[in-house]
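Here is the structure we will look at.
All ligand and atom numbering here is 1-based and tracks the order in the structure.
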Amino acid sequence: MRIGILTGGGDCPGLNAVIRSAVRAATGRHKWEVVGFLNGYKGLVENRFRPLDSATVSGLLDRGGTIIGTSNVDNPYKFAETVDGKRSYRDASEDVVRTYKEHNLGGLIVVGGDGTLGIARQLYKEKGLNIVGVPKTIDNDLSATDYTFGFDTAVGIVTDAVDRIKTTAESHERVMVVEVMGRDTGWIALFSGLASGAHIILIPEIPYDLRHVVTKIYERATIGKHFCVILVSEGAKPAGGQVTVKRHVDDPSMGIRLGGVGNVIAGQIEELTGIDTRVVTLGHVQRGGTPSSFDRILCTRLGVEAVNMIADGKFGMMACLKTPRIEIVPLEQAAMNRKVNPNDQMIAEAKACGISFGDGD
Ligand code: F6P
């Protein structure tokens, strides 16, 4: 039998580790052939692929990115094409079916976030393709799984950055605003803020009031701490206000692109306090490079489970972590978003340690 694999959406540390374990399990235990489709659904639409065997995936466990490429703009149901400089969209889902049949696939592993897995579910339901899913995102905003892979690595990267930023903030007696990813959830900021001892954490789930942020900065000054590190999620917003948008993307169905709230907050703090304030936007560094050992293990287990699912005919499902087990749930659950609960124990624990969330508590 032959199976396919593709990685879609934004990249994430651990994608290669999933590819490696899936290929090893498929080619070793089952003696299946594996093809990797290039650049997400684009490779399936255009039938661009590369064969993957045990030798090809050797050395991938700790390698960032994805050797088969990814795309967070190619949707086969609304496939963009540019002719004579003009962009138009067409339904290319039948091209996907043709490629699938041409390769005589017995199953297809789709590794992606909610968008990619939503399309996978549609292809499974409407076109009858034997699809299984593996969820990924550094944002950790999926309720079906305890943790998404990539998140632990991103938290480690931010924690390391804040450790470094703290020393320079202290030397210069500055406020440092560190903007992190996470879309409309604050998981990355919350976990890395706790791990690094950030003084203020601003997340989308707890709208902030700048007056409380400033109060915390002054409070620290009264105990001789003339510096402050503020960790802010890209989706954080003031009470009664809006998120800061970097740019509206061309296709409205793809949503807005967040970014810039760190600069807004830094400007306001400087204006209100006169304290020298700087901004560090960590951006895509959070998604690059070597996955943490936690993510490597999780990815290895998820890749093997995806192959098990195909062997067992469990299509239309995705693998997820229900500690300590890897379990499977319907692909529908990829759309179930998980946000930080402002009343969560972890928030209370952070506040007990003196961390401010800009809400006056
Ligand atoms: O969903 C993952 C993520 O990294 C978000 O945290 C961020 O908002 C977005 O992707 C950035 O996407 P892009 O790579 O298109 O800039």
Side-chain angles (χ1 to χ4, degrees), residues 7-15 18 39-42 64-66 69-75 78 80 110-120 133-145 147-159 161 178-193 201-205 231-237 242-264 279-292 295 298-299 318 334-340:
T7 50
D11 72 344
C12 176
L15 287 170
V18 175
N39 301 106
Y41 288 115
K42 196 175 172 66
T66 160
T70 189
S71 160
N72 58 3
V73 291
D74 291 299
N75 176 350
K78 205 176 172 203
V110 174
V111 190
D114 51 357
T116 304
L117 294 179
I119 296 165
V134 176
K136 64 91 229 182
T137 169
I138 63 164
D139 302 337
N140 200 38
D141 56 352
L142 198 73
S143 63
T145 185
Y147 293 100
T148 53
F149 73 81
F151 172 66
D152 184 69
T153 306
V155 167
I157 292 166
V158 176
T159 302
V178 184
E179 182 180 315
V180 299
M181 284 184 168
R183 261 195 321 193
D184 44 8
T185 61
W187 295 107
I188 296 177
L190 176 61
F191 273 59
S192 52
I201 302 174
L202 304 178
I203 60 174
E205 294 88 343
L231 205 46
V232 55
S233 297
E234 60 183 356
K237 51 184 179 299
Q242 296 299 319
V243 290
T244 308
V245 175
K246 188 182 278 171
R247 182 161 88 78
H248 287 272
V249 290
D250 305 342
D251 178 355
S253 68
M254 298 200 50
I256 50 176
R257 194 171 295 168
L258 295 170
V261 65
N263 282 301
V264 171
V279 186
V280 179
T281 304
L282 290 177
H284 293 78
V285 75
Q286 293 160 91
R287 286 197 342 216
T290 310
S292 67
D295 281 336
L298 180 56
C299 291
M318 65 176 187
M336 286 163 55
N337 202 246
R338 176 179 49 206
K339 291 188 181 287
V340 175

Selection from M181, R257, H284, E234 by shortest heavy-atom distance to atom 8 (O) of ligand 1:
E234
Walk me through it: do N140 and Y147 pass the test side-chain contact (heavy atoms from CB on, under 4.5 Å)?
CA-CA 6 Å; N140 200 38; Y147 293 100; 3.8 Å; yes
Option with minimal heavy-atom separation from atom 5 (C) of ligand 1, where the choices are D139, I256, V180:
D139
Looking only at heavy atoms, is any part of R287 under 4.0 Å from ligand 1, and if so is it the side chain, the backbone, or both, or is it neither?
side chain
Any side-chain heavy atom of V243 sitting closer than 4.5 Å to one from V261?
no
Within a strict 4.5 Å, meaning less than it, do heavy atoms of the D152 and F191 side chains meet?
no
Measuring from non-hydrogen atoms of Q286 to any atom of ligand 1, is the shortest distance under 4.0 Å?
no
Among R338, R183, K339, which one satisfies salt bridge (charged side-chain N to carboxylate O under 4.0 Å, His left out) with D141?
R183
May I ask whether G182 places a heavy atom under 4.0 Å from ligand 1?
yes
Would you indicate whether the side-chain heavy atoms of E205 and T185 approach each other to under 4.5 Å?
yes
Say whether L258 and ligand 1 are in contact under the criterion: heavy-atom distance to a ligand atom below 4.0 Å.
no
Between L282 and V178, is any pair of side-chain heavy atoms under 4.5 Å apart?
yes
Heavy atom of the protein closest to atom 15 (O) of ligand 1 (residue, atom name, distance)
N72 ND2, 3.0 Å
